[in-house]
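Below: one structure, written as structure tokens.
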Amino acid sequence: MMETWWRALTFTLGYNTSLVTVGAMLLAAAAGMVGSFVLLRKRALVSDAISHSTLPGLALAFLVMGVWQGDGRVLPALLAGAAASAALGLWLVQRIGERTRLGEDAAIGAVLSTFFAFGVVLITVIQTLSVRGQSGLTGYLVGATAGMLYSEALLIAACAVGLLLALLVWRRDLLLLCFDADFARTQGFDTGRLDLLLLLLLMAVVVIGLKVTGLILVVALTIIPPVAARFWTDQPMRMVALAALLGALSGYLGVSLSSVREGLPTGPLIVLAAFTLFLVSFLFSPRRGVLASLLAYRRLRQRVHLRQGLLALGRDEPIFDGLTLKLLQRRGHVRRDGVATPAGLAAARDAEHEERLWALYRRRYPDDALHREHAGLTPIGQVLSADAIMALEAELPPTETAR
Amino acid sequence: MPDSRLGKAVIASPLAIQGLTVSYDHRPVVHSVDFITPPGSMSAIIGPNGAGKSTLLKAALGITRRLSGEVRVFGRPLEQETRHLAFVPQRSSVDWDFPARVIDVVGMGLYRDLRWWQFGSRQLRRRAMESLARVGMEGFAERQIGQLSGGQQQRVFLARALVQEADLTILDEPFAGVDAATEAAIIEVLKSLRDEGRTLLCVHHDLATVRDYFDHVLLMNVRRIVAGPVDEAFTEENLQATYGGRLSPVQLARLVESPRAGRRVEAGQR
């Protein structure tokens, strides 16, 4: 089993599987990019509306092709049908939002469930008919890459490449739209058209992704990779690029895993792979990860306690706080019975001196002091240059320095 | 070419608003307002809350749809001449947790000059850094925008407008919720722009500083009450008409008292 997976990972499981893997990776990359913009535009739910409203169109297209050609499984026709009904769904969401006082989320909820219900009814009807290939239709619910034809994989890959190119061309316009649409308008950008473009790109990703992840899960590809990418960077274009990369990685892992055994569902595996990447980002990102902020919090707490303890020592006040005492003891500033050591007294004097320097600095340069992070807690030597400290020292009132 | 039937003042003005009306839900919030921004002026739009000041600006800039009226930039329709305008929106209009650094936001002011195959250039970065230096934020270029204080955010927005080197800079309440130091720094930059011959138009809230900061005012409350040089238009009577008796006589008297001698001298030096 491990060996099959290894062969899938190294693209040696046959030409067809390799093409499917590459296609899924390209698609997931495009989904990650489109999803980043949609997420930054705060319309992540729209992808849910799009994906669910593809179902009736998909089923109808299947019926039409089945009656006309004898077999409903014609990918281009199915995708066209899906796109048409998704467009109708989107249009309805848009109209409900404009014409009533309902929020977009309410409109999405109403349209999404209605379209999906209609689609499920159609599929149930199809199951009772004697059209060939009807069982393949459920593959669009959770994704099925196993039996994918060469031409289908090629179509998906080509569309994904087209999407990636479009995103490259419009990346700055879309970014401006997401950050500050009003400003974009004053710059002569047509924000209405850009919003439409973003929706069309999203729709294209969702429709192309139907065969790979299925319509219920394609949403995950537009949301999870961007959210994971957000953990690693504060730069907009980097986030978009990273989302594409994480998406591609999920596609790679998911498709290769699903080829390990007959019948493993591709869509759920891709989503689980994406979620794993998200989990890693969430826990271990050095910027916003849970672990990093926990460590930062502990460091800050220690620093505050240590400083407060030293100042108390300097003023000869008793210390009752357990953590403060522990920190002071560990550094040899106080003895076990709580009495200050000579080193502790020296450190206390240093702390007091620094506190006075900071106070003076805040008085002299209130503006700059505001800009400094953790003002007063970082050692002043790490924040100000040596000559700036000298200048401050010279200004300290002599009575205080003499002590 | 500008339409020859237009008045001279309209052709010279970087933003001439005529008969502008905007409505929300069939109720006009701005009704038939005219304002010809004098070139090289520092103008304030003043009025009570809900008077439609920001709406007027947004409609004039094409952000909000207008029901009727014309907006001309140097005598030409706005749509062809967005290049002459720079806009500083209200700080609260964007999400400051957006993944962007200060330099990224300032760079957005240059997006329309970049084609898709370009990945930015050293020259553009230099321009962005220069604008940041002008608002005293050059040390913050790499900072995530969410870590900035309100005043710093406002300065970043101002820098984004500066980088465009526009003839007219339009600001929507630039002093709302900023500290005194930032207010002073911003007004300094605005005055330096005016001294370069550029025009400024602000929605302004603080009546007490109108005389210090501006030379022209538009008083409005849905409709235009009066517009003109501060000395002529910013009078007790006009303020009373604008605020509909919401200002106490004492407040009014203090606001419209003639400028102190020191300020006169300062103004005379320019």
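Convention: sequence-line order gives letters A, B, ...; per-chain numbering from 1. The model shown is predicted, which means the values in this text are computed figures rather than measured ones.
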Nearest 0.5 Å, please: how far is [atom2] in [Y] from [atom1] in [X]?
X	Y	atom1	atom2	value
B/Leu61	A/Thr186	CG	OG1	6.0 Å
B/Arg101	A/Thr233	CZ	OG1	7.5 Å
B/Thr64	A/Asp182	OG1	CG	7.0 Å

For [X], is it the side chain, the backbone, both or neither that has a heavy atom under 4.5 Å from a heavy atom of chain A?
X	answer
B/Val88	neither
B/Asp97	both
B/Ile145	side chain
B/Gln80	neither
B/Arg115	backbone
B/Asp104	side chain
B/Gln118	both

Check your understanding: With B/Phe98, which of A/Asp234, A/Leu175, A/Asp180 fulfils side chain to side chain contact (heavy atoms under 4.5 Å, CB included)?
Key -> A/Leu175
**Study point:** Interchain contact, A/Arg288 with chain B, by part (heavy-atom threshold 4.5 Å)
**Key:**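 Side chain only.
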Exercise for review: Tell me, for A/Arg171 versus chain B, whether the close heavy atoms (under 4.5 Å) come from the side chain, the backbone, both or neither.
Suggested key: side chain
Exercise for review: Identify which of A/Trp170, A/Phe183, A/Phe189 forms the greatest number of heavy-atom pairs closer than 4.5 Å to chain B.
Suggested key: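 The candidate making the most pairs under 4.5 Å is A/Phe183.
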Review point. For the candidates B/Ile103, B/Leu85, B/Asp95, which exhibits the highest count of non-hydrogen atom pairs separated by less than 4.5 Å from chain A?
Key: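 So the answer, after comparing B/Ile103, B/Leu85, B/Asp95, is B/Asp95.
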Review point. Which residue out of B/Gln144, B/Arg112, B/Gln164 racks up the most heavy-atom pairs below 4.5 Å with chain A?
Key: B/Arg112
Review point. Does B/Glu188 CD have over 12 foreign heavy atoms under 6.0 Å away?
Key: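 Not more than 12 within 6.0 Å, no.
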Check your understanding: Is any side-chain heavy atom of B/Met108 less than 4.5 Å from a side-chain heavy atom of A/Phe179?
Key -> yes
Check your understanding: Is the closest side-chain heavy-atom distance between B/Trp116 and A/Arg172 below 4.5 Å?
Key ->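 B/Trp116 vs A/Arg172: side chains apart.
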Study note, to complete from the structure: Heavy-atom nearest pair, B/Pro99 first then A/Met239, reads CG-SD, 3.6 Å
